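Contents: one structure, followed by commentary.
Throughout, numbering of the chain's residues begins at 1 and tracks the sequence. Here the structure is a predicted model, which is why all the values come from computation and not from measurement.
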Amino acid sequence: MMNLNITLIKKFNFDIFALYIFYLWKVSSGIYAKGFNYDDSHEVLVTRVDTVYDFFAFADHHFLYSLILYLTSFLIPYTNLQIINLVFVLTILFFTKKLYEILSLSYISFLLSTLILLSSPIFLDYSIRIKQYTLDYLLVLLTIYIFAKLESSEITFRQFQLFGLLASVSSLILLPIFISFTIVELTPINV
């Protein structure tokens, strides 16, 4: 019976669901705030201007996050734009688990690291504000995940390069990480 329960948990990712519920409980007071704080309202105020150019020229974000905010502003109310970060957090949890599986790390280490992340005041604060840091974290995690897949020969070096270039263009924070992984991959190992 115990093996069946573990199989169900792994199959349906109840653990990620439980961690996400924990995260939502931690940030519940800030998710649907009456209004944005000054910094956030300043950054999304550009949605009220006339041209798309103004949105991207004056937003205090990198291009990918600005594009996501701009497109999301057509789908959901202006005051709920931080919902996009909630989607990023769910994706972060999913790919963290996948990365731990690829690296053959223990399940308990996944739980502990995720609980630490979801309890981090910085992560909690920035994930409910109109800030690109949650997207940056997700892109860094995806870059590490793609590199782990490259190391396990599940993808080709070209696929890794393509992802790394696209991610680096969308967030310049990733450029040094991508370059470092490329150097590691191209450097021969003498044993």
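Within the 4.5 Å cutoff, side-chain heavy atoms of I68 are placed close to those of F88. Here the side chains of D136 and Y133 are in contact, with some heavy-atom distance below 4.5 Å. Side-chain contact check for E151 versus E185: some heavy-atom pair is nearer than 4.5 Å.
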Exercise. Give the intermediate values and the outcome of side-chain contact (heavy atoms from CB on, under 4.5 Å) for residues D15 and Y107.
Key: CA-CA 10 Å; D15 50 356; Y107 181 73; 2.8 Å; yes

Exercise. Go through the steps for T182 and I179 under the test side-chain contact (heavy atoms from CB on, under 4.5 Å), then give the verdict.
Key: CA-CA 5 Å; T182 302; I179 290 171; 5.6 Å; no

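In the displayed structure, I122 atom CD1 is contacted under 6.0 Å by at most 12 heavy atoms of other residues, nucleotides or ligands.
With rounding to the nearest 0.5 angstrom, the OG atom of S152 is 5.5 Å from the CD1 atom of I102. Going from atom CG of L90 over to atom CZ of F95 covers 10.5 Å, rounded to the nearest 0.5 Å. From L117, atom CG reaches atom CG of L124 across 8.5 Å, with rounding to the nearest 0.5 Å. Interatomic distance, L118 CG to Y20 OH, rounded to the nearest 0.5 Å: 10.5 Å. Distance check, rounded to the nearest 0.5 Å: OG1 of T134 to CD1 of I92 gives 6.0 Å. Atom CZ of F123 and atom NZ of K26 lie 12.5 Å apart (nearest 0.5 Å).
Remark: the backbone N or O of L111 is not paired with any side-chain donor or acceptor of T114 at under 3.5 angstrom. The backbone N or O of F110 lies less than 3.5 Å from a partner atom in the side chain of S113, making a donor-acceptor pair. A side-chain donor-acceptor contact under 3.5 Å links S28 to the backbone of W25.
Between N85 and Y65 the shortest heavy-atom distance is OD1-OH, 3.1 Å. The two residues Q159 and T156 have their closest heavy-atom pair at OE1-N, 2.9 Å.
With no hydrogens or angles considered, a side-chain donor-acceptor pair links S127 and Y23 at under 3.5 Å.
Pairs of residues two or more places apart, or lying in two chains, that qualify as side chain to side chain donor-acceptor pair (under 3.5 Å) and include a residue from residues 138-149 are K149-E154.
Here F160 and F178 bring their ring centres to under 6.0 angstrom of each other.
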